[in-house]
A.B. asks: 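Dropping a structure here in structure tokens format, bear with me for questions.
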Number of protein chains: 2
Amino acid sequence: MTKRRVSLKDIASQLGVSVSTVSRALKDHPDLSPAIIEKVKQLAAKWNYTPNPLAMGLLKQQTNTIGVVVPDIVTHFYSSIISGIEDIAKANGYYIVISSSQESYKKEKENLNNLLNLRVDGLIVCLAQETTDYTHYDSIIEAEIPLVFFDRVCRTEEVSSVVIDNVEAAKELTIHLYKHGARRIAHIAGPSFLNITKERIEGYRKGLQLCGLTFDQNLLVHTNMSIEGAAVATNKLLSLKYPPDAIFGVNDTVIFSAMKEIKRKGLKIPDDVALVGFTDEFHATVVEPNLTAITHPTFEIGQEAARLLLNEIKSDKARTVQQISMQAKLIERESSVKLK
Amino acid sequence: MTKRRVSLKDIASQLGVSVSTVSRALKDHPDLSPAIIEKVKQLAAKWNYTPNPLAMGLLKQQTNTIGVVVPDIVTHFYSSIISGIEDIAKANGYYIVISSSQESYKKEKENLNNLLNLRVDGLIVCLAQETTDYTHYDSIIEAEIPLVFFDRVCRTEEVSSVVIDNVEAAKELTIHLYKHGARRIAHIAGPSFLNITKERIEGYRKGLQLCGLTFDQNLLVHTNMSIEGAAVATNKLLSLKYPPDAIFGVNDTVIFSAMKEIKRKGLKIPDDVALVGFTDEFHATVVEPNLTAITHPTFEIGQEAARLLLNEIKSDKARTVQQISMQAKLIERESSVKLK
DNA sequence: AAGCTTTGTGCAAAGCTTTGTGCAAACGTT
DNA sequence: AACGTTTGCACAAAGCTTTGCACAAAGCTT
């Protein structure tokens, strides 16, 4: 059990003045005599006084705390975004309370409730993969609690969000593959209801069209984005009568799993099958061959989400909905540049 | 700005009873008539009442919040440990507030202060790399604020901690390399003041001794564990008159950097240089060749640290200092098993 | 019917801070 | 000396919950 920290009351009784005098002294209130201000400040410094945030929270009806709900905190993508959120939050005197949904709809709801019960000042959320019903955001929106989505978003007319331009990025990736000789470009996608899945497929199809390639249903496989799911998908693609000469994966996990399967079959990357996807700087350079990829500006996504949220928290106007689309960069590395 | 949440007072005035009656009704106090209990409960449920944690915190002098300070939250090692902490914390109704020191002594101190000002019920800390002075923990220890260190620890007589048996693990790695034919085993170490550095060097030297190899000062290089530092260290080792035939790296970053440099020089892993180190499951299998490594039970380390801390928070006895040493496993993969 | 017990609620304090209002003492003026 | 102003501080309420204690009304006993 912790010892109680010093309060205004302690200082007041030690100095034989009232609590309000101490409070005002610490803020240099003009009504007070310089002598008492000096005395109070000295004792406060000596005793390491800091205002009790619980009392302040009760008074001001705010906690200087923002809640973050992510599918998981281990994946580099999310931890890096969290890092960006932390950066901005800390710079503005806010704390972040993190909880992970483990991609579960039920846990996402629980986490949200917990954070609301904790009275966070706002929420930054990335939807769980399982989440297809969005009604649990009704009460949050209705209660006008500041809320920002990132990456996997919903209800974008009512809630601000930070995303990358998935359509554009996917289109770019597809064209990149074509330019480097690929003619049968496959796509391992995510669950069909996720916005990122839809948008990346859209970009993929646009890219194909621009390159004069026709969309082949066999070359598009949906997965749950698990390692196992991606392995199955990859093998399905590779065992087609006319297998792909390039695969575009929807995210990290899918890519790494596909890479393993391709190698296991004795195929060469990129010569037999080129491989590209969405991931981040770090992972792209750690695998072999280095991965050509759309790298998410993860840290910046986190920063932007936090900025958006803090604006909402600080403004007393009604919600101003904003969609921020971050620029994603295609970085050309080894996995897509065929030698032959 | 958020709308105010419903309080006991709201329910009380709606029902025309006193606040204390509402409070008691919600806990089925025997003094109350069943009728009023029922009425209160119904309205509370309808209005989604939950106790205000700020008021409770003020009253009980606890926040149900634990502060976590890590060097960074992006590295898989830490994010995975955080995940373990979250797991136990959530199961016990605690929230975690995370902040990262970015390996900076100054930020570590700031973070600690912020969290204390926030009145967290306890702290879980991994020291920043820069931290060589530990006096900022004096006041925390003196104030009897529950505290647990993990991985990089200090003041172990006064503060509980969770570590892995670095000496044993490093010894095991060294012997493993010897068994697979290595005779000039180098070690890329961390900064000399960190406990993990010291312990792993100790294990390394014990291992050498047990294998009948003599310690060669040239084969031990200290780094700041950055990518660049590790690259320099690797090149220094490889350009020795008698270069190593195996390198044992102190952590992830060092390993990956070394791996890149070795490949860049056109050397083969493991045939020319075997490579082993400390890392985690995920990264070890993503690189090529797959890395033989001591994998940290990261999630479990986090869980254990959280359990230790919660025990300390809940007990009203004085601090009971415990050292928990987790078993680390050597997993044999491709990077150390020479073919020739 | 008077007195006692039981039953059901309300009051108030504590935990901590901020801030509008009130008030006493000291100072100034004439 | 008497009155008015300024100065310097204290009081109290609000924000929310829990809990010991007080108290009123109802029921019971004799």
Side-chain angles (χ1 to χ4, degrees), chain A residues 1-41 43-44 47-65 93 116-121 143, chain B residues 1-41 43-44 47-65 93 116-121 143:
Chain A
M1 266 304 287
T2 307
K3 292 178 183 170
R4 202 176 56 79
R5 297 255 321 232
V6 48
S7 73
L8 289 182
K9 203 175 181 177
D10 300 321
I11 297 178
S13 66
Q14 169 71 23
L15 256 36
V17 297
S18 77
V19 168
S20 46
T21 299
V22 177
S23 173
R24 280 193 253 254
L26 293 173
K27 341 183 117 55
D28 288 308
H29 195 284
D31 277 4
L32 297 188
S33 68
I36 192 86
I37 291 185
E38 187 51 28
K39 274 207 298 185
V40 168
K41 282 193 173 177
L43 190 60
W47 282 358
N48 254 316
Y49 168 80
T50 60
N52 186 316
L54 297 167
M56 293 295 283
L58 215 46
L59 195 69
K60 308 269 191 206
Q61 296 283 24
Q62 56 169 29
T63 53
N64 279 290
T65 288
L116 290 174
N117 290 346
L118 187 63
R119 266 62 167 183
V120 294
D121 290 342
Chain B
M1 267 303 287
T2 307
K3 292 178 183 170
R4 203 176 56 78
R5 296 253 325 229
V6 49
S7 73
L8 289 182
K9 204 176 180 179
D10 300 322
I11 297 178
S13 67
Q14 168 71 23
L15 255 35
V17 297
S18 76
V19 168
S20 44
T21 299
V22 176
S23 172
R24 281 191 257 253
L26 292 173
K27 345 184 113 55
D28 287 310
H29 192 106
D31 277 3
L32 296 188
S33 68
I36 193 86
I37 291 185
E38 186 52 28
K39 273 206 298 183
V40 168
K41 283 193 172 177
L43 190 59
W47 282 358
N48 256 317
Y49 169 79
T50 60
N52 186 315
L54 297 168
M56 294 294 284
L58 216 44
L59 195 68
K60 308 267 191 209
Q61 296 284 23
Q62 57 168 27
T63 52
N64 280 289
T65 289
L116 291 174
N117 291 346
L118 187 63
R119 267 60 167 183
V120 294
D121 290 342

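For the numbers below, each heavy atom of this structure counts, side chains included, while hydrogens, waters and symmetry mates do not. So that the names make sense, note that chain A is the first sequence line, chain B the second, and so on, each numbered from 1. From a predicted model like this one, the values you see are computed outputs, not experimental measurements.
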A.B. asks: Which sits closer to the 5' end of DNA chain C, Gly16(B) or Ala55(A), going by the nucleotide each is nearest to?
C.D. replies: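 First, find each residue's nearest nucleotide; the 5'-ward one identifies Gly16(B).
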A.B. asks: So, taking the atom named CG in Leu15(A) and the one named NZ in Lys39(A), what distance separates them when rounded to the nearest 0.5 Å?
C.D. replies: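 It is 5.0 Å, given to the nearest 0.5 Å.
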A.B. asks: For the residue pair Thr50(A) and Arg5(A), confirm or rule out a side-chain donor-acceptor distance under 3.5 Å.
C.D. replies: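 Arg5(A) and Thr50(A) do have a side-chain donor-acceptor pair below 3.5 Å.
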A.B. asks: Look up atom CG in Asp121(B) and atom CD in Gln61(B), then write down how far apart they are to the nearest 0.5 Å.
C.D. replies: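 Those atoms lie 10.0 Å apart.
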A.B. asks: Mind checking Ser33(A) for me? I need base, sugar-phosphate or nothing, with any heavy atom below 4.0 Å counting as a touch.
C.D. replies: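 Sugar-phosphate only.
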A.B. asks: Please report the C-alpha distance between Leu26(A) and Leu8(A) in whole Å, then the side-chain angles of each, then the deciding distance to 0.1 Å, and finally whether the side chain to side chain contact (heavy atoms under 4.5 Å, CB included) criterion is met.
C.D. replies: CA-CA 10 Å; Leu26(A) 293 173; Leu8(A) 289 182; 3.9 Å; yes
A.B. asks: Using a cut-off of strictly less than 4.0 Å, decide whether Lys60(B) has a side-chain nitrogen or oxygen near OP1 or OP2 of dT18(D).
C.D. replies: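 Negative; the distance criterion is not met.
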A.B. asks: In Å and rounded to the nearest 0.5 Å, what is the NE2 to CD1 distance from His29(A) to Ile36(A)?
C.D. replies: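 So the gap between those two atoms works out to 14.5 Å.
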A.B. asks: With a 4.0 Å cut-off on heavy atoms, is Ser7(B) in touch with a base, just the backbone sugar-phosphate, or nothing at all?
C.D. replies: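 If one applies the 4.0 Å heavy-atom cut-off, Ser7(B) turns out to touch the sugar-phosphate alone, with no base involved.
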A.B. asks: Report the distance from atom CG of Leu59(A) to atom C1' of dA13(D), rounded to the nearest whole Å.
C.D. replies: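 Going from Leu59(A) (CG) to dA13(D) (C1'), I get 10 Å.
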A.B. asks: From the list dA10(D), dT19(D), dT18(D), which nucleotide is the closest neighbour of the side chain of Arg24(B)?
C.D. replies: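 Of dA10(D), dT19(D), dT18(D), dT19(D) is nearest to the side chain of Arg24(B).
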A.B. asks: According to the side chain to side chain donor-acceptor pair (under 3.5 Å) rule, which pairs have a member within residues 16-25 of chain B, sequence neighbours left out?
C.D. replies: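 Pairs touching residues 16-25 of chain B that pass the test: Ser18(B)-Ser20(B), Ser18(B)-Thr21(B).
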A.B. asks: Hey, which sits more toward the 5' end of DNA chain C by its nearest nucleotide, Val6(A) or Ile36(B)?
C.D. replies: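 Nearest nucleotide further toward 5': that of Ile36(B).
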A.B. asks: What I want to check is whether an N or O donor and acceptor connect the side chain of Ser20(A) with the base of dC9(D) at under 3.5 Å.
C.D. replies: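 Checked by distance alone, the answer is no.
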A.B. asks: Which is true for Asp31(A) with a 4.0 Å heavy-atom rule: it touches a base, it touches only sugar-phosphate, or it touches nothing?
C.D. replies: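 Base, at least one base atom sits under 4.0 Å.
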A.B. asks: Can Asp28(A) and Lys41(A) be said to form a side chain to side chain contact (heavy atoms under 4.5 Å, CB included), step by step?
C.D. replies: CA-CA 10 Å; Asp28(A) 288 308; Lys41(A) 282 193 173 177; 3.0 Å; yes
A.B. asks: Which distance, rounded to the nearest 0.5 Å, do you find between the CD1 of Ile11(A) and the CG of Leu43(A)?
C.D. replies: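 CG of Leu43(A) is found 5.5 Å from CD1 of Ile11(A).
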A.B. asks: Under a criterion of less than 4.0 angstrom to any heavy atom of chain B, what are the 5'-terminal and 3'-terminal contacting nucleotides of DNA chain C?
C.D. replies: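 The footprint of chain B covers dG8(C) to dC16(C).
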A.B. asks: When the distance from CG of Asp28(A) to P of dC9(D) is rounded to whole Å, what number comes out?
C.D. replies: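 Distance check: Asp28(A) CG to dC9(D) P gives 13 Å.
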A.B. asks: Please work out if Val17(A) contacts a base, only the sugar-phosphate, or nothing of the nucleic acid, heavy-atom cut-off 4.0 Å.
C.D. replies: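 Here Val17(A) touches the backbone only, sparing every base.
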A.B. asks: For the pair made of CG in Leu8(A) and C1' in dA10(D), what is the distance, rounded to whole Å?
C.D. replies: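 Rounding to the nearest Å, CG of Leu8(A) and C1' of dA10(D) are 14 Å apart.
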A.B. asks: Rounding to an integer number of Å, can you tell me how far Leu15(A) CG sits from dA10(D) C1'?
C.D. replies: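 Distance, rounded to whole Å: 15 Å.
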A.B. asks: Starting from the C-alpha separation in whole Å, work towards a yes-or-no answer on side chain to side chain contact (heavy atoms under 4.5 Å, CB included) for Leu58(A) and Leu54(A).
C.D. replies: CA-CA 6 Å; Leu58(A) 215 46; Leu54(A) 297 167; over 6 Å; no
A.B. asks: With axes from five pairs an end, tell me the bend angle of the helix from dA1(C)-dT30(D) to dT30(C)-dA1(D), nearest 10°.
C.D. replies: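 Inter-axis angle at the termini of the helix from dA1(C)-dT30(D) to dT30(C)-dA1(D): 70°.
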